[in-house]
Amino acid sequence: MALEVGIVGPQGSGKTSLFTALTKAGGGEYGKTNVGVAPIADDRLQQLAQVVKARKITPATIRVQDIPGSAAFGELRQVDALLVVVRAPEDVEEFKLELLVADRDHVERRLERVEKQAKSGDPKVRAELDELKKVLAHVDAGGGLADYQGALPGELEPLTTKPLIAIVNGPQGI
């Protein structure tokens, strides 16, 4: 299973340029989610192949998604990490806030679905409902999902708990 990363950031920040540089996939369609694969360079691979007399060398890869703005955050809930492309370092905190708002909305939508399911009386669903209410109260009180003390329901797949790498695409380039 390959590592999967999502490229996010404000419109015009250089997300698709980074995607193209990583995947050599030639840009993709503007306003659409682009998906590609980037090889992971490792000089040791050739040496190892010689030692074991490998006939074929297959480098490790990273699956990369470039999404069109914050409207498609839901597409990134299953990635392993986020690459946030911004124009200035101070834009990272603003973008983290966008992710927190997206997670809060996601928790609220999940809570609405689970409330309907909980009417069946299933103890597992009732337990998730109780936990979701606590999570929502925590976020509404100004907390983040990364610092929530309880166990987050597995179905949430929050964005704000994923590793985040900020990439500043300033006047000198990325």
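Position 1 is the first residue of the sequence; numbering continues from there.
When all heavy atoms of T33 and P68 are compared, the closest pair comes out as OG1-CD, 3.5 Å. Minimum heavy-atom separation, I57 to Q46: CD1-OE1, 3.2 Å. When all heavy atoms of H138 and D147 are compared, the closest pair comes out as NE2-OD1, 2.8 Å. Pairing each heavy atom of N169 with each of S13, the nearest pair is ND2-O, 2.8 Å. Closest approach of L159 and A102 over heavy atoms only: CD1-CB, 4.2 Å.
Considering only heavy atoms from C-beta on, L82 comes within 4.5 Å of L99 through its side chain. Side-chain contact check for V64 versus I7: some heavy-atom pair is nearer than 4.5 Å. Residues T20 and N34 are not in side-chain contact: their nearest non-hydrogen atoms beyond the backbone lie 4.5 Å or more apart. Counting heavy atoms from C-beta on, the side chains of P158 and L152 come closer than 4.5 Å. Taking the side chain as every heavy atom from C-beta outward, V37 and T23 never approach each other to under 4.5 Å. Looking at heavy atoms from C-beta onward, K162 lies out of side-chain contact with D80 at the 4.5 angstrom threshold. No side-chain heavy atom of R63 sits less than 4.5 Å from a side-chain heavy atom of L3.
Paired with R110 under the rule side-chain hydrogen bond (donor to acceptor under 3.5 Å, both in side chains), one option of E115, E128, E157 passes, and it is E128. Looking at V92, V84, L18 one by one, the single match for side-chain contact (heavy atoms from CB on, under 4.5 Å) with I167 turns out to be L18.
Each of L164 and L100 belongs to its own hydrophobic cluster when Ile, Leu, Val, Met, Phe, Trp and Tyr are linked at side-chain heavy-atom distances under 4.5 angstrom. Hydrophobic clustering, with ILVMFWY side chains joined whenever heavy atoms are under 4.5 angstrom apart, groups L76 together with V86. In terms of hydrophobic clustering, with Ile, Leu, Val, Met, Phe, Trp and Tyr side chains grouped at heavy-atom distances under 4.5 Å, V114 and Y148 are assigned to a common cluster. A continuous path of ILVMFWY side-chain contacts below 4.5 Å connects I67 to F95, so both sit in one hydrophobic cluster. Hydrophobic clustering of Ile, Leu, Val, Met, Phe, Trp and Tyr side chains at less than 4.5 Å, counting indirect connections, keeps V101 apart from V8.
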Could you give me the CA-CA distance, side-chain angles and deciding distance for E93 and K96, then say whether salt bridge (charged side-chain N to carboxylate O under 4.0 Å, His left out) is met? CA-CA 5 Å; E93 290 307 314; K96 284 180 180 180; 3.5 Å; yes
Stepwise side chain to side chain contact (heavy atoms under 4.5 Å, CB included) check, L156 with L132: CA-CA 9 Å; L156 279 184; L132 285 168; 4.0 Å; yes
Checking L145 against D103 for the side chain to side chain contact (heavy atoms under 4.5 Å, CB included) test, could you report, in this order, the C-alpha distance in whole Å, the side-chain angles of both residues, the deciding distance, and whether it holds? CA-CA 8 Å; L145 295 182; D103 273 354; 3.6 Å; yes
Please test K124 against D122 for salt bridge (charged side-chain N to carboxylate O under 4.0 Å, His left out), starting from the C-alpha separation and ending with a verdict. CA-CA 6 Å; K124 185 177 175 185; D122 182 339; over 6 Å; no
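Counted by atom type alone, Q65 and E4 present one or more donor-acceptor pairs between their side chains at under 3.5 Å. Between the side chains of D66 and T16, at least one donor-acceptor pair of N or O atoms lies under 3.5 Å.
The local environment of CD in Q149 is sparse, with at most 12 non-hydrogen atoms from other residues, nucleotides or ligands closer than 6.0 Å. Around CD of Q78, the count of heavy atoms belonging to other residues, nucleotides or ligands within 6.0 Å does not exceed 12.
Atom NE2 of H106 is separated from atom CG of L136 by 12.5 Å, given to the nearest 0.5 angstrom. Of the inter-residue distances, the one linking L129 atom CG with R113 atom CZ reads 13.0 Å to the nearest 0.5 angstrom. Rounded to the nearest 0.5 Å, atoms CG (L111) and CD (E131) are 11.5 Å apart. The distance from the NZ atom of K119 to the CZ atom of R126 is 10.5 Å, given to the nearest 0.5 Å. Between the CZ atom of R104 and the CZ atom of R109 there is a distance of 10.5 Å, given to the nearest 0.5 Å.
Between the side chain of K15 and the backbone N or O of G12, no donor-acceptor pair lies under 3.5 Å.
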